Amino acid sequence: MHKTLLILAAATLTAACAPPQPGTSGAPVVRYSADAKFDTVRDDLQDAIVAKGLVVDNTSYVARMLDRTGKDVGSTKAIYAAGQGQAFTFCSAVLSRKTMEADPHNMVFCPYTLVVYSTAAEPGKVYVAYLRPLLPDGSEAARAALKEVETLLDGIAREA
């Protein structure tokens with residue numbers, strides 16, 4: 001009974017908070033949030049990337065870098081909660097090839113990046129975000145390929 005109630009509550013919450021579909025907004029940044037533990041969402045994000053058959057090429061510890069260098073640039077302001085801000089870069093050989101065959105200048109969109117962070121102002125909230133691969137003046141084939149990249153990024157972000 002308890003499991004059924006949890007599933008029902010999760011389904012209701014998911015339906016009520018359904019995020020927008022990729023490409024439905026002109027905003028360059030797509031951001032999702034959850035009241036959760038940073039480590040859990042970070043691990044879920046990595047797992048979601050790997051589950052798509054992709055490899056995380058690089059992990060950037062952005063929040064740690066800002067914490068470490070703050071006093072060197074004359075700032076003591078905490079931006080992220082206790083070093084909780086990372087960026088993961090990865091690529092899809094299939095989508096990257098498709099994107100760049102459509103337009104070689106699309107190399108600028110590779111590798112793909114997803115970030116996960118908690119702010120100092122809201123340490124109990126975790127965000128997952130990405131930049132939309134926008135190309136408003138590209139060919140139809142280039143825009144279609146980039147839409148596939150966005151669909152991939154959005155799916156991974158939502159899964160995490």
Side-chain angles (χ1 to χ4, degrees), residues 7 10-69 79-81 83-122 125-160:
I7 292 170
T12 303
L13 182 60
T14 300
C17 300
Q21 293 300 310
T24 60
S25 165
V29 175
V30 176
R31 180 176 44 236
Y32 299 106
S33 66
D35 293 324
K37 292 185 183 220
F38 174 81
D39 292 346
T40 301
V41 177
R42 181 204 54 217
D43 293 348
D44 288 349
L45 181 58
Q46 287 178 308
D47 290 346
I49 293 168
V50 171
K52 297 286 186 196
L54 306 168
V55 175
V56 174
D57 294 320
N58 187 49
T59 301
S60 296
Y61 298 90
V62 178
R64 287 185 192 168
M65 179 274 300
L66 291 171
D67 288 345
R68 186 181 68 250
T69 60
I79 302 169
Y80 299 101
Q84 295 181 350
Q86 296 178 354
F88 300 110
T89 59
F90 57 96
C91 240
S92 161
V94 172
L95 288 180
S96 294
R97 175 159 293 279
K98 187 182 235 184
T99 300
M100 289 175 229
E101 282 181 356
D103 185 342
H105 301 293
N106 284 342
M107 183 188 287
V108 72
F109 298 110
C110 190
Y112 316 134
T113 303
L114 285 162
V115 299
V116 57
Y117 59 93
S118 289
T119 66
E122 298 177 288
K125 186 172 280 198
V126 181
Y127 294 91
V128 174
Y130 65 90
L131 285 172
R132 276 201 167 97
L134 300 172
L135 191 63
D137 60 346
S139 70
E140 187 175 319
R143 286 193 313 272
L146 289 173
K147 180 121 174 102
E148 287 185 58
V149 171
E150 182 175 357
T151 299
L152 172 71
L153 292 172
D154 199 72
I156 293 170
R158 291 173 65 183
E159 186 174 328

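Since this is a predicted model, take the numbers as computed values, not measurements. Side chains are part of it too, since the values below use all heavy atoms of this structure and drop only hydrogens, waters and symmetry mates.
Nearest heavy atoms, Asp103 versus Ala142: CB-CB, 3.9 Å. Pairing each heavy atom of Ser118 with each of Val126, the nearest pair is OG-CG2, 3.5 Å.
Counting heavy atoms from C-beta outward, Phe90 and Val50 have side chains that stay 4.5 Å or more apart.
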Please table the atom pairs, donor to acceptor, closer than 3.5 Å between any side-chain atom in residues 108-117 and protein atoms at least two apart or in another chain.
{"unit_1": "Tyr112", "atom_1": "OH", "unit_2": "Ser96", "atom_2": "N", "d": "3.4"}
{"unit_1": "Tyr112", "atom_1": "OH", "unit_2": "Ser96", "atom_2": "OG", "d": "3.0"}

Show which side-chain atoms of residues 52-63 pair as donor or acceptor with protein atoms under 3.5 Å away, not counting sequence neighbours.
{"unit_1": "Asn58", "atom_1": "ND2", "unit_2": "Ser60", "atom_2": "OG", "d": "3.2"}

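Panel note: side chain Asn106, backbone Thr99; a donor-acceptor pair is recorded below 3.5 Å. Formation of a donor-acceptor pair under 3.5 Å by the Arg143 side chain with backbone atoms of Gly138 is found in this model. In this structure, the side chain of Arg132 engages the main chain of Ala27 through a donor-acceptor pair within 3.5 Å.
The CZ atom of Arg42 sits 10.5 Å away from the CG atom of Asp47 when rounded to the nearest 0.5 Å. Rounding to the nearest 0.5 Å places CG of Leu95 at 9.5 Å from CG of Leu146. Distance CG/Leu153 to CD1/Ile49: 9.0 Å, rounded to 0.5 Å.
For Arg64, there are no side-chain hydrogen bond (donor to acceptor under 3.5 Å, both in side chains) partners, not counting sequence neighbours.
At a cut-off of 3.5 Å, with distance as the only test, no side-chain donor of Asp67 or Tyr80 sits close to an acceptor on the other residue.
Paired with Tyr127 under the rule side-chain hydrogen bond (donor to acceptor under 3.5 Å, both in side chains), one option of Gln84, Arg31, Glu122 passes, and it is Glu122.
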Practice prompt. Begin with the C-alpha distance, continue with both residues' side-chain angles, and end with the deciding distance and a verdict on side-chain contact (heavy atoms from CB on, under 4.5 Å) for Leu45 and Ile156.
Written response: CA-CA 7 Å; Leu45 181 58; Ile156 293 170; 3.7 Å; yes
